[in-house]
Number of protein chains: 2
Amino acid sequence: MANRKIDEFTAVTKALGDPNRVRALLALLQKELCVCQVVELLGLAPSTVSKHMAVLKQAGLVESRKEGRWVYYRAAADEVPEEVKEVLEWVSNCCSGSREAQEDSRNLEGILSMDPEQLCQLQGNRC
Amino acid sequence: MANRKIDEFTAVTKALGDPNRVRALLALLQKELCVCQVVELLGLAPSTVSKHMAVLKQAGLVESRKEGRWVYYRAAADEVPEEVKEVLEWVSNCCSGSREAQEDSRNLEGILSMDPEQLCQLQGNRC
DNA sequence: CTTATATTTCGCCATATGGCGAATCGTAAG
DNA sequence: CTTACGATTCGCCATATGGCGAAATATAAG
């Protein structure tokens, strides 16, 4: 990210400026997740989560992969500028020890224990 | 900043989410400045700059020092958590090479060449 | 004590942001 | 082709944010 325009830098910091996006990112650093799983984790509407994912992706912090009807997101890792990796590490170092992040990690285990299809059913056809 | 609550983390990232605040911070990393000088650099109203300084200070990124009627701000440095220093270094590494930052640096030289008192006069008694 | 002045606070406005539900899109399955 | 469904886009609302000028604060100077 060195030598970038300030606006590009603030695109990243803005993306990291929302607690729910940080929570999502911390989860995505642990595991690749589909939107439904993030919805379950954050307790937000699918449309809201989708928007958050778009912001994180626009900032270059996450990547996505489409598989059938599902879209999987993960923290940026492949062929990514060194600076992005450093940012992700920074976020992780700063937040992964927090109470909220630890609780999210615990919830994430439960979410991962069922398959996405089953999960989406439980969400009352919200997505 | 390790193990902080996510809200404390986003206080920092939010503070870094505005281009004018980043520009101010980059200047403050180079030199301690009074509000009038930042006003001159950014071309914003004194009240606006004052608010920006408050946000940066709240986030722990800058410190201030009062000297008579003047308030001087500088990038946090003394007895500051290691993590804050790393953030400041990150901002500097990311942005100080940008065109905007370089232009600001050039303008800053001119601003520093006159004394603050003189500068405030030129600002048409706006502050 | 009064005046001048650097900064901050306050009140206001315009725009941005985060949230939701409804509608749309894209793809798998009947 | 039609249906089902996960994800996204759209339209809307409430709140947050960044901007300014005016008023208030605090301190130096007369």
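By convention in this document, chain letters (A, B, ...) are assigned in the order of the sequence lines, proteins followed by strands, and residues within each chain are numbered from 1.
- Annotation: of the two residues near DNA chain C, B/Val49 and A/Thr48, the 5′-most nearest-nucleotide partner is B/Val49.
- With values rounded to the nearest 0.5 angstrom, A/Cys34 atom SG is found 11.0 Å from A/Met53 atom CE.
- The side chain to side chain donor-acceptor pair (under 3.5 Å) test applied to B/Thr48 returns no partner, not counting sequence neighbours.
- Side-chain N/O atoms of A/Tyr73 include one lying less than 4.0 angstrom from OP1 or OP2 on D/dT8.
- Evaluation of the side chain to side chain contact (heavy atoms under 4.5 Å, CB included) rule for A/Ser64 yields A/Lys57, A/Val71, A/Tyr73 as partners, not counting sequence neighbours.
- What separates CE of A/Met53 from C1' of D/dT9 is a distance of 16 Å, to the nearest Å.
- As rounded to whole Å, 13 Å separates atom P of C/dT7 from atom NZ of B/Lys57.
- Under the side chain to side chain contact (heavy atoms under 4.5 Å, CB included) criterion, A/Glu89 pairs with A/Asn93, not counting sequence neighbours.
- The distance from atom CD of B/Gln58 to atom P of C/dT8 is 14 Å, rounded to the nearest whole Å.
- Partners of A/Gln58 by side chain to side chain contact (heavy atoms under 4.5 Å, CB included), not counting sequence neighbours: none found.
- Every residue two or more places apart in sequence or in another chain that forms a salt bridge (charged side-chain N to carboxylate O under 4.0 Å, His left out) with A/Glu67 is listed here: A/Arg65.
- Residues forming a salt bridge (charged side-chain N to carboxylate O under 4.0 Å, His left out) with B/Arg74 (at least two apart in sequence, or on another chain): B/Glu32, B/Glu63, B/Asp78.
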Q: Give the B/S/- string for nucleotides 23-30 of chain D, one per nucleotide from 5' to 3', where a protein heavy atom under 4.0 Å of the base yields B, of only the sugar-phosphate yields S, and otherwise -.
A: ---SBS--

Donor-acceptor pairs under 3.5 angstrom involving side-chain atoms of residues 16-27 of chain B: please list them, not counting sequence neighbours.
unit_1, atom_1, unit_2, atom_2, d
B/Asp18, OD2, B/Asn20, N, 3.0
B/Asp18, OD2, B/Arg21, N, 3.0
B/Asn20, OD1, B/Arg23, NH1, 3.3
B/Arg21, NE, B/Ala15, O, 2.8
B/Arg21, NH1, B/His52, ND1, 3.2
B/Arg21, NH2, B/Lys14, O, 3.2
B/Arg23, NE, B/Asp104, OD2, 2.7
B/Arg23, NH2, B/Leu41, O, 3.4
B/Arg23, NH2, B/Asp104, OD1, 3.0

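- One can place OH of A/Tyr72 at 17 Å from C1' of D/dT8, the figure rounded to the nearest angstrom.
- Between A/His52 and C/dG19 there is a side-chain polar atom (N or O) within less than 4.0 angstrom of OP1 or OP2.
- We find that CG of B/Leu56 is positioned 16 Å from C1' of C/dT7, with the value rounded to whole Å.
- Remark: C1' of C/dA6 and CZ of B/Arg65 are 14 Å apart, rounded to the nearest angstrom.
- The main-chain N or O of B/Thr13 is never found under 3.5 Å from a side-chain atom of B/Thr10 such that the two would form a donor-acceptor pair.
- Residues of residues 14-23 of chain A having a heavy atom closer than 4.0 Å to DNA chain C, listed by number: A/Lys14, A/Asp18, A/Asn20, A/Arg21.
- Residue-to-nucleotide proximity on DNA chain D shows that, of B/Ser47 and B/Val55, the 5′-proximal contact is made by B/Val55.
- Considering only side-chain atoms of A/Cys34, the nucleotide from D/dA7, D/dG21, C/dC20 that sits closest is D/dA7.
- At whole-Å resolution of the value, CG in B/Asp7 and P in D/dA16 are 13 Å apart.
- Taking atom CG on A/Leu33 and atom C1' on D/dA7, their separation rounds to 15 Å, with Å as the unit.
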